[in-house]
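Written out below as structure tokens is the structure these notes cover.
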Amino acid sequence: MNEIAPSPGWQALIDHRRALAGRSLTALFAANPQRFAQLSLAWDDWLADWSKQRLTAETMALLVAYARERNLPAWIAAMFAGEKINLSEQRPVLHTALRQQGDAPLAVDGADVIPAIRTAQARMRMLATQLRGGARLGATGRPIRYVINLGIGGSDLGPRLVCDVLAGPRAVRGDGIDVAFVSNIDPEHLSRALAGADPATTLFVVVSKSFTTQETLKNATSAREWLAAQLGGGPALGAHFIAVTANAAAARAFGVAGADVLPIWDWVGGRFSLWSAAGLAIAIRCGWESFAELSAGAAAMDAHFRDTPLPHNLPALLALVDFWNAQASGMSQRVVVPYAHALSRLPAYLQQLVLESNGKSVMRDGAPSSRPTAPALWGEPGTDSQHAFFQWLHQGTQAVPVEFIVPVRATHPLSDQQALLVANALAQAQALMTGRPLAAVRAELAAKGMAPDAIDRDAPHRVCPGDRPSTTLLLPELNARRLGQLLALYEHRTFVEGALYGINSFDQWGVELGKALAGPLVAAVRDGVGSADADASTRGLVAHVRTLSRRV
Ligand code: F6P
């Protein structure tokens, strides 16, 4: 598994890209009646269509050949087998084990991990069932009715997204227990979640793999102070906390009872952890059956990804398209637009998944990457985003690949709104590709009776250049099973992209620097000491912060 070096496969891709230059998407469609069939894939009622990307069936064949040259099948097998593919931390990457459907043994360092997973799942299920059924009592003997998940990054984004999609944060339909998510150290976040809450019936799930993350621990400490102010301190407060962590000793030291500390293992990366007990909030808010269904959906995608040859492998093929855009075509951005309001938080979730995984500039062997890695990723739900940044997509100076994620059936239908939603998604993809050429604009304006000089003046502003690439993912509907498939699809795509970039997708050392520098600056901001070593800009900012803080 050598790092990327000039290779026949890469050279073939570059030569091919040159040969494709100047051929528009509409010309490629005109030249090949089979284009849609060749550049789309149906799987389990999904349809992925990348025929509006700037590539051809030959490109895909070259990309598959390149992926084989990069040993992609061996990397996939190594991940599922529990090999230590997180090289810089010498860890396996086994989030797939968390959703494994049978009990087939899976060894890490010689020990089967499946029994420990089943034990943790049984405890999750019991806790979720107790909470939902009003059987978990707080310090005053009243049942818990409100749960606040305290965690950040992977300890927040995945569980929050799933709860958003499957249930919404509040039990507005009288279906169970309210769950809120607090991640930010900004006191406003926790304050808003606590507003109107009753300490006697509120429980906090502290999710932190490390149990050292400043934001989470500070919020947990403030939560404990809030409880103590009304309920009194002492061990009784333990009834109001559950912890999910790989650092059980720290959780117990914080005051969580041993039976309420659930495990997470070092072979589960934070951004892949919603399938573990880090997803307890999902089981609490949506019920154990939904959590199990979510896992089953992900497992179905895992099996497809593990067992399907590359030319028919959905996550691999979509990742190859991403790779083509990023490295062969040099596109530095990627836009994701879910046409499902419940997926509003999907772009935020994907930002951690994709950018924390593949925002690297060093190859696995420590050498600098000579080619770009993960493009910036951003997005918002459609149709709202059509009235915001789509202007930029249609007429801005850069062509950026867009991903349309479109569940076909509505969860709660109203009138014909779902048909309008889906039609809008398809229309945007079409408009990005076809654009609106000058001649068509001029003809349209003339047909409306506009004077020739007014046409000369207005027409250029109405032209849309088109030829802008997109992929459309159609899925039948958004339920737990489909969501599990969607999230696993993106996890595997991200892994494949990283493997093709030649980087380790499973560490995140870049995040550590900011954490280290924040320590001394806390003392400077709060107490006015210790920023002497900082640069002039930082010292100036600290001084102004101190001045403004004193003015209250
Ligand atoms: O952002 C860095 C990071 O380590 C993420 O990878 C992780 O999901 C998050 O912080 C939270 O970490 P922890 O679960 O240890 O509190």
Side-chain angles (χ1 to χ4, degrees), residues 85-95 98 120 124 148-163 181-186 189-190 204-224 241-254 256 260-282 345-360 373-374 376-377 487 490-491 494-495 498 503-519:
I85 62 168
N86 176 355
L87 296 171
S88 70
E89 297 177 310
Q90 278 300 300
R91 292 174 181 169
V93 175
L94 274 178
H95 46 280
L98 298 165
M124 277 176 81
I148 302 180
N149 188 90
L150 302 177
I152 196 164
S155 299
D156 165 75
L157 290 160
R160 184 167 7 161
L161 170 66
V162 175
C163 285
F181 288 84
V182 172
S183 53
N184 203 321
I185 201 165
D186 179 348
H189 203 177
L190 181 58
F204 298 89
V205 180
V206 186
V207 184
S208 177
K209 183 176 162 187
S210 58
F211 225 79
T212 59
T213 301
Q214 186 190 50
E215 291 91 337
T216 303
L217 292 194
K218 200 70 205 170
N219 276 327
T221 304
S222 294
R224 192 172 53 193
F241 284 97
I242 293 172
V244 180
T245 185
N247 185 356
R252 285 195 300 271
F254 178 83
V256 186
D260 288 330
V261 180
L262 300 185
I264 178 168
W265 299 274
D266 68 3
W267 40 261
V268 184
R271 50 193 172 274
F272 302 90
S273 65
L274 74 91
W275 318 98
S276 72
L280 178 63
I282 301 169
R345 298 280 306 166
L346 182 71
Y349 164 84
L350 290 178
Q351 281 171 339
Q352 191 205 20
L353 176 66
V354 177
L355 303 182
E356 197 164 85
S357 297
N358 291 340
K360 316 273 165 71
T373 58
L377 184 155
L487 300 181
Y490 274 98
E491 286 179 347
T494 303
F495 164 54
I503 59 178
N504 176 11
S505 298
F506 301 106
D507 60 11
Q508 59 281 320
W509 296 105
V511 183
E512 300 304 320
L513 175 62
K515 287 187 193 169
L517 293 182

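Both counts, for ligands and for their atoms, begin at 1 and track the order of listing.
Applying the 4.0 Å criterion to heavy atoms of Gln352 picks out, from ligand 1, the atoms 5 (C), 6 (O), 7 (C), 8 (O). Within the listing of ligand 1, atoms 13 (P), 14 (O), 15 (O) sit less than 4.0 angstrom from a heavy atom of Lys209. Within ligand 1, the atoms closer than 4.0 Å to a non-hydrogen atom of Ser155 are 14 (O), numbered from 1 in the order shown. Close approach of ligand 1 to Gly270 is summarised as follows: ligand atoms under 4.0 Å from at least one heavy atom of the residue are 8 (O).
Among all protein heavy atoms, the one lying closest to atom 12 (O) of ligand 1 is Thr213 OG1, 3.5 Å. Here the protein heavy atom with the shortest distance to atom 1 (O) of ligand 1 is Glu356 OE2, 3.0 Å. Scanning all protein heavy atoms for the shortest distance to atom 9 (C) of ligand 1 gives Ile152 O, 3.6 Å.
Considering only heavy atoms from C-beta on, Glu215 stays 4.5 Å or farther from Ser183 through its side chain. Proximity of Val206 to Thr245: side-chain heavy atoms (C-beta onward) are nowhere separated by under 4.5 Å. Thr373 places none of its side-chain heavy atoms less than 4.5 Å from the side chain of Asn358.
Between Ser210 and ligand 1, a contact under 3.5 Å exists for at least one N or O pair. Here's the thing with Gly154: one of its N/O atoms is less than 3.5 angstrom from an N/O atom of ligand 1.
Between Leu87 and Asn504 the shortest heavy-atom distance is N-ND2, 3.6 Å.
Remark: side-chain polar atoms of Lys209 are not paired, donor with acceptor, to backbone N or O of Ala278 under 3.5 angstrom.
Across Leu262, Val268, Asp266, a single residue satisfies side-chain contact (heavy atoms from CB on, under 4.5 Å) together with Ile264, and that is Val268.
Between Phe254 and Phe241, the ring planes lie perpendicular to each other; the angle is over 60°, past the 30° to 60° tilted range.
Proximity of Glu215 to ligand 1 is not established, as no heavy-atom distance is less than 4.0 Å.
Side-chain contact of Thr213 with Ser210: a donor-acceptor pair under 3.5 Å is present, judged by distance alone.
Summarising the contacts of atom 10 (O) of ligand 1 with Gln214, Lys515, Arg271, Gln508, the nearest heavy atom is found in Lys515.
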